[in-house]
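Predicted model only: the values in this text are computed from it and were never measured. In the text below, chain A, chain B and the rest are named by the order of the sequence lines, each starting its count at 1.
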Amino acid sequence: MSPDITLLLDAGARGDRAALESAYTQVYAELKRIAQGLLRGRDDTLSPTVLVNEAYLRLCGAREALTPQSRKHFYATAAQAMRWIITDLARQRGADRRGGDWQRVPLDEQLPAVAIDPSFLALDAALQRLGEIDPAKRELVELRFFAGLDYPELAELLGRSERSLKRDWAAARAALVVMLDEA
Amino acid sequence: MSPSDPRSTPDDWRTALALLDALLDLEPSARAAALAASDAAEPVRERVRRMLDAEDARCLIDDPLVPLDRDAAAVDAGARLGRWQLLDRIGQGGMSTVWRARSLEEPVGQRAALKRLDPAVMDAAGLRRFEREMGILATLRHPGVATILDAGRAADGVPWFAMTLVDGEPIDRWCAAHSPDLRTRVDLLRQACHAVAHAHRHLVVHRDIKPGNVLVDRDGRVVLVDFGISRLIEDTRRDGDGADATGTYAFTPRFAAPEQRVGGAISTATDLWGLGALGHFILGNGAPVLAEGAAAVVPPSTLPADLRAILSRCLQRDPAERYRSADALADDLQAFLDGRAVRARGDGLAYRTGRWLRQHPAVAALSAALVLSLLGGVAASLQQAQRAEAEAARAVEAQRIAERRLSVTRELVMLLIPANLADARLDPAAGIDAAQRKAESALADDPIGLARVGLMLVSADLRVGRVDAAWSRLATVAARLEAAESVDAVLRADVLFARANVAARQDREVGIVEADYRAAIGLYEDAGESQGRRGAQRALAVFLSAAGREVEALAVLDEAMVGCPRGWSDDAACIDLIWQRGAVLLRIGRTAEALPLLEAADTHFRRHPRAEEAAHLEVRWLLASALGRLGREDDAIHALQPPLVDLDELGPAPSPTPQRALGALASNLGKRNRFAEAVVASQRAIEMAVQLQGEGSNEHQNALTALANLHYGAGEWETALAIYRRVHRFALAAYGEEHAAVAIAEGNIGNALRDRGDALAAMGWQLRATGRIARTLGVDNQRYAQRLSNLARTRAALGDLSGARRDFDAAIALYARHGQTGSPIPDYLRANRAAVRWSQGETTIARDEVLGGLDSLKTARGERDPMALEALGWAINLHCRTPRSDECGTLLADADRLLADRTSLPPLEARLLHQASRQSSPGMIRRR
């Protein structure tokens with residue numbers, strides 16, 4: 001079948017774009033599948049962190065642990081996948097804008113019902129711009145917001161102090177606010 | 001903002017961000033000044049200013065992306081479901097919504113709590129079981145159980161059920177509001193126990209006891225809701241497919257019993273944990289936590305010692321160590337309230353009797369309680385002693401009664417459904433009912449005799465598939481026995497045995513069914529009733545085998561054989577054990593071991609024909625399966641035919657055995673190229689499958705696929721395709737998209753399309769099937785190898801050489817790992833792959849491999865075998881093209897020789913061989 005995801009991610013960590021893309025596809029598929037499975041019978045709400053962690057365990061858990069670089073790549077990939085999923089769904093909702101209204105949208109049945117604000121599209125565009133300016137900050141937003149990792153987890157994953165991460169978050173957020181405003 | 005605007009270049013942003021980073025390092029109060037003092041351009045500073053202001057603004061990313069409760073509110077207040085009108089929503093969970101509802105039909109105005117289950121959480125099997133489960137749950141009537149009033153499926157497919165509306169709140173909220181004292185809390189728990197005990201008597205396990213499911217009404221009475229509902233939401237593991245567990249939880253982890261967490265067997269003991277956990281919770285200590293490696297939960301020391309002992313006895317890791325029944329727990333709680341000694345603290349009475357029961361303590365705990373609850377009375381051993389005395393005194397009377405029963409029984413047998421297929425045309429239900437009526441009049445004053453007849457009729461009900469009727473009849477029998485004076489152990493065992501049989505057919509919890517069987521076995525053993533014991537052991541083995549626990553089944557059969565005479569005996573029960581063992585061995589693929597057992601049983605039956613032909617037919621079918629698997633198709637056909645000569649005489653039979661026999665017959669006839677006969681048998685098998693299990697059922701799909709395979713083997717693509725497509729539609733409807741059965745159907749369609757010459761159309765199907773097999777069955781098994789090899793052939797047909805090569809290689813490697821030793825399939829694939837290797841330039845290797853494969857196949861399967869014939873065709877193809885090899889002549893001569901007797905060859909392969917040899921020698925004149 002397809003190559004081991006650990007190998008792909010390791011290759012990706014060494015700069016192999018194709019490997020990374022392949023990993024992305026697998027992670028994306030796995031997220032969807034897990035979400036569907038997790039949906040069955042869970043009493044508590046389902047958060048992106050849960051999804052991403054499940055995907056991690058599923059794809060990498062049983063084998064030897066990923067190198068720290070690869071682990072980071074995994075989460076970053078998963079976060080991007082989540083971002084893509086959410087944005088795509090917001091796009092499907094159409095162009096109706098009712099600024100501020102939270103619409104409860106039952107997504108395609110494979111994902112939890114997340115409240116999708118149409119401004120997710122604008123966020124996606126803003127993140128795109130932020131990525132061109134400062135990729136690290138964009139990645140931080142993806143990891144924290146789309147993958148739902150908290151500061152302690154982020155600190156461990158990225159090898160930085162919580163304080164500096166919080167500072168970076170503030171900066172990224174500020175930039176996004178201004179970008180969203182200007183758009 | 002347009003891209004040409006100077007403010008929007010990335011560089012400007014970078015500068016601004018860098019500046020922002022620096023400012024954020026400072027105290028907020030110092031930032032404005034620092035900004036003013038910086039030497040950045042004004043537009044940049046403006047931007048930074050705005051970013052600093054952003055701190056006060058709301059942003060989409062401020063709140064975590066947490067999904068809200070799924071709202072299945074596709075309905076609103078006022079909607080109508082069945083006779084109910086939804087009033088307002090009173091609850092919302094992860095898997096369901098609860099509405100207050102009122103009835104618009106008689107009794108008008110009746111109030112209920114209507115629960116709509118989210119169909120997304122129910123798999124296809126759960127949805128199918130919904131009605132049956134609701135029917136079982138509706139039989140629970142107890143003040144402590146919210147009665148199921150009604151159930152159904154909405155037009156959009158959403159399952160719902162209505163239960164009595166409880167004017168109350170969950171126990172945790174109630175306790176918080178009323179702050180009850182300790183005694184009150186204990187009493188609440190005691191009430192819950194009685195409700196659970198009632199359910200257990202009806203073989204229903206709650207499975208999800210937690211504060212949210214325990215309500216307290218206005219009068220302070222406890223009512224439990226959602227009994228057994230979580231069973232409908234089981235994960236896919238239950239379907240026994242070995243499918244990848246998706247890690248779903250149909251229970252609340254905090255209150256789950258240890259065996260639930262590890263996916264072990266659920267039984268009534270699981271609820272005993274649940275009650276203990278509930279007690280632990282409402283006595284103020286939250287959910288119990290079982291430390292890793294600990295044998296039990298240690299309740300907090302703030303509770304009185306007696307209560308601690310009680311809770312501890314519930315919260316044992318080993319189900320066998322918990323209270324035997326909810327009633328026992330309730331009794332101890334009452335003892336605590338009354339200030340009496342509590343059993344949990346001492347050794348307690350020895351309820352366990354018999355070697356069997358001692359060997360299976362978990363079962364013993366359940367069985368004693370069940371036996372007693374069913375029949376009332378004192379401990380088993382005590383009663384047996386009493387009976388013995390009574391018997392001695394009433395020997396004469398007993399004799400008279402026995403004789404009368406015997407004569408009545410003989411009459412009834414004539415009315416009942418015989419196991420003779422020839423008489424199978426009698427209307428079963430009418431026969432059974434007539435027998436019941438007759439028995440009631442003849443044995444009106446003999447409750448024991450009537451009970452025995454009742455048990456016989458329960459078997460009859462089961463045999464004709466009237467499972468629910470069997471259950472009610474059994475309940476009547478039990479009720480009658482309760483009223484009787486004294487009941488001997490064997491009869492009690494018979495009742496338990498019967499109940500196990502019915503419960504198994506009703507698909508009740510495995511743990512419960514097994515408990516009944518083992519209890520019956522124990523009682524038979526104690527009473528020295530070896531015939532009954534063996535019968536029960538055999539039934540248990542069948543049950544375990546069907547549940548995928550074949551090794552345990554074999555162990556049970558071994559124990560059952562204790563006391564059987566050595567060698568093939570005339571003891572019918574022992575013979576049954578022998579061939580049953582063969583059946584289990586066959587199931588796990590130990591065909592060679594199974595064969596001698598089945599042959600012996602078949603020989604025995606031929607010499608000693610039984611009134612029950614069904615058993616012999618079953619043996620013959622098993623024997624044929626074994627022979628077929630070993631490649632002895634002619635022997636398999638022979639085993640099935642006499643006296644099954646005239647297939648039309650069978651008529652609608654009450655058991656699936658004739659259907660399976662026909663299927664086996666068809667398959668073997670097909671392999672021997674007796675195509676027309678095979679189709680007839682196959683079509684008959686299909687008819688039976690539809691009759692017995694329904695159109696679109698699993699058996700119907702299998703039977704259809706078998707017929708399609710026959711047509712495929714004859715090269716009749718269109719016919720085969722049409723049937724495969726039909727099976728595909730059935731599989732989709734039955735299981736949804738992501739299921740192995742769908743994948744297999746897709747694969748068959750792909751194969752047929754490819755072989756018809758439509759490789760392009762085939763490819764889509766092949767890819768879909770391959771992906772789906774990988775996802776549903778995994779990639780490290782023989783099935784996947786098979787799939788890959790088919791995909792490889794398709795790729796080769798499309799000219800995708802490297803892809804074909806890759807898939808062939810992978811398939812061969814997988815087969816090497818997973819195939820049976822000595823299987824010729826890897827050689828077959830190598831021979832197939834040779835053509836690809838040739839096209840990739842490896843001409844010498846290709847010719848070698850194809851010859852090597854051909855030789856292996858001829859040795860292993862004979863030269864007339866379909867695979868060998870195909871390989872011969874490939875060999876001719878590679879060796880007779882320019883430059884011709886030296887082997888070409890020999891190969892063509894072989895083909896000629898074989899084709900001379902073409903009608904004895906399998907039609908498809910014969911055609912392929914004919915084509916291959918014709919193509920390779922265009923100038924020669926071919927015969928025929």
So with a 6.0 Å cut-off around [atom1] of [X], is the heavy-atom count from everything else above 12?
X         : atom1 : answer
Glu42(B)  : CD    : yes
Glu162(A) : CD    : yes
Arg783(B) : CZ    : no

Requested in this report: Identify which part of Leu123(A) has an atom lying under 4.5 Å from any heavy atom of chain B, answering side chain, backbone, both or neither.
Outcome: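 Side chain only.
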**Report entry** Interchain contact, Arg163(A) with chain B, by part (heavy-atom threshold 4.5 Å)
**Finding:**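 Side chain of Arg163(A) only, per the 4.5 Å heavy-atom cut-off to chain B.
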Query raised in the report: Which residues pass the side chain to side chain donor-acceptor pair (under 3.5 Å) test with Glu139(A), sequence neighbours left out?
Result: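 With sequence neighbours excluded, Glu139(A) shows a side chain to side chain donor-acceptor pair (under 3.5 Å) to Lys72(A), given in chain and number order.
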Requested in this report: Enter the distance from Leu127(A):CG to Ile61(B):CD1 here, rounded to the nearest 0.5 Å.
Outcome: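 Here the rounded value is 7.5 Å.
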**Report entry** Val177(A) backbone acceptor or donor facing Arg50(B) side chain under 3.5 Å
**Finding:**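 Looks like no, no N/O pair under 3.5 Å.
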Requested in this report: Return the minimal non-hydrogen interatomic distance between Ala174(A) and Met51(B), and the atom names on each side.
Outcome: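 The pair with the smallest heavy-atom distance is CB-O, 3.3 Å.
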Requested in this report: Taking all non-hydrogen atoms of both residues into account, name the closest pair between Val178(A) and Trp13(B) and its distance.
Outcome: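 What the structure gives for the nearest pair is CG1-CH2, 3.8 Å.
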Query raised in the report: Among residues 14-24 of chain B, which residues come closer than 4.5 Å to chain A, judged by heavy atom distances?
Result: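 If one takes a 4.5 Å heavy-atom cut-off, the residues of residues 14-24 of chain B near chain A are Arg14(B), Leu17(B), Leu20(B), Asp21(B), Leu24(B).
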